[in-house]
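Indexing begins at 1, ligand by ligand and atom by atom, following the structure's order. For the single chain, residues carry numbers from 1 onward in sequence order.
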Amino acid sequence: MSEPAKPVKIALFGPGTVGTQVVRLLTENRGDLEQRVGAPIEIAGIYVRDTSAPRDAVIDPALLTSDAHALIDDADLVVELIGGIEPARSFMLESIGAGAAVVTANKALLAAHGPELFEAADAANVDLYFEAAVAGAIPIIRPVRESLAGDHVKRILGIVNGTTNYVLDQMTTNALDYDVAVKQAQDLGYAEADPTADVEGHDAAAKAAILASLAFHQRVHLDDVYCEGITAITADDVAAAAEAGHVIKLLAIVERTAQGVTAKVHPALVPLEHPLAGVHGAFNAVFVEAEAAGELMFYGQGAGGTPTASAVLGDIVSAARHIAQGGRGPRESHYADLPVLPIEASNSRFQLRMIVHDEPGVLAGIASTLAQRGVSIEAVRQKAASADTGLATIVISTHRAPEADVAKVLDALRASDAVTEIRSVLRIEGE
Ligand code: NDP
Ligand code: HSE
């Protein structure tokens, strides 16, 4: 008779929004999960700073410990759901050093310290899984890291932040002002009390760094990602976008060109026909363009305790299978050695909306300002002037142009007497 399989001992760090749901699902679905792993699974303990603080009823007080080192020593698999850089980084390195596999949802840590963690995992020959770090419940890490490993990913466009998608969607569909929409996102629990990381684009930038690193087999650090949030978007911008058949979305865009790799996060005008335009509320979606596979779209819930716990549980099963049955998940792949380019080196289509004096020669002067800097106009719209001000609104869409050239056009327009104000400069994507 064969020996009964040894249990896989799991330690959880951070029983918060996601961690609590991981514990609940691990407990409720234990029988099924053990069948899928091929061995018994056991929660060895849950690390907290204060064992006497009140907790959700699914957290068994007997499992709580504030002795992180003893818990790590006892575990085969450590699930890090604290978030942020420290102490999460130190706990993960200690766990890997002790021979435990690690599962995390921590995009901030991976985008800033990924190479250190991957190198440690490779040296210790343990798994490091992080499906929940990008777009919550949506399987996107495995598809990019494994399913598309035989293809060439050319570009990824992602709505990877639920809070900002909710805010922009409310501004579009219910004509809410920015501040009102943010307040509503906070009341519904999408946005944090301090929503800075979401609305300034930092959360999406961390996800862009992770996606670019995986898609292009190239280390891309958070600092390499150009980042512009949604705080400057007005109800006026949203209305103007709708008039031109667009919606405004905060996009994470990572692209491989002949020159290298670019990674950026910014609000963009997306045509209504594009699949990303139909992503409403706090939902996320990731649109992948690959050489052989063509276009792929991944859609679902990008945040929330239970959806995110689903992705964490998938990683736990994968890592636990390897612990019980042998084998290892994919190592970091960063052989490509491509330059990571600044935003100035990338090309975009732009829409420039400006207030001008409604006088002869003004439009010709603006057209010549663009032409002299090599920026080609695709379309021009002018709104009738208001008789009492003598001003008009001009909206110019450009063909794809280098960011650096468009920056020179904007400098020249700002210095021009004919232009009283540049109301907005938005990139157009997905056409
Ligand atoms: P929470 O803030 O809800 O929970 C964090 C947990 O970590 C709490 O239990 C907290 O304990 C504990 N913790 C915080 N700081 C420390 C510390 N210094 N030492 C020890 N424990 C600490 O976070 P979430 O559950 O929302 O997020 C967890 C991770 O999942 C993050 O990396 C996040 O980016 C990621 N994620 C979250 C999503 C979501 O929708 N919430 C979606 C996708 C990813 P205490 O209660 O004692 O403060
Ligand atoms: N704050 C993030 C969002 C949570 O709004 O999408 C998931 O990272």
Exercise. Is the side chain of Asp169 donor-acceptor paired with the backbone N or O of Ala282 at a distance under 3.5 Å, no angle test?
Worked result: no

Exercise. Between Ser333 and Arg145, do the side chains contain an N or O donor and an N or O acceptor separated by less than 3.5 Å?
Worked result: no

For this session: Might you list the protein residues in contact with ligand 2, defined as having a heavy atom under 4.0 Å from one of its atoms, sorted by chain and number?
Result: Lys107, Asn161, Gly162, Thr163, Asp198, Asp203, Lys207, Gly302, Ala303

For this session: Give a yes-or-no answer on whether the side chains of Tyr226 and Glu403 include a donor-acceptor pair shorter than 3.5 Å.
Result: no

Problem set entry | Test side-chain contact (heavy atoms from CB on, under 4.5 Å) applied to Phe91 and Ile82, step by step | CA-CA 10 Å; Phe91 287 149; Ile82 292 175; 3.8 Å; yes

For this session: Grab the two heavy atoms, one from Ala135 and one from Ile140, that are nearest each other, plus how far apart they are.
Result: CB-CG2, 4.3 Å

Exercise. Looking only at heavy atoms, which two atoms of Gly245 and Glu273 are closest? And how far apart?
Worked result: O-OE2, 4.4 Å

Seminar exercise, completed: Residues with a heavy atom under 4.0 Å from ligand 1, by chain and number, are Gly14, Pro15, Gly16, Thr17, Val18, Tyr47, Arg49, Arg55, Leu81, Ile82, Gly83, Pro87, Ala105, Asn106, Lys107, Ala132, Ala303, Gly304, Thr308

Exercise. Aromatic ring centroids of Tyr299 and Phe287 under 6.0 Å?
Worked result: no

Exercise. side-chain contact (heavy atoms from CB on, under 4.5 Å) between His69 and Glu94: does it pass, once the steps are laid out?
Worked result: CA-CA 8 Å; His69 310 298; Glu94 185 178 338; 2.7 Å; yes

Exercise. Do Glu131 and Tyr129 meet the criterion of a side-chain donor-acceptor pair at a distance under 3.5 Å?
Worked result: no

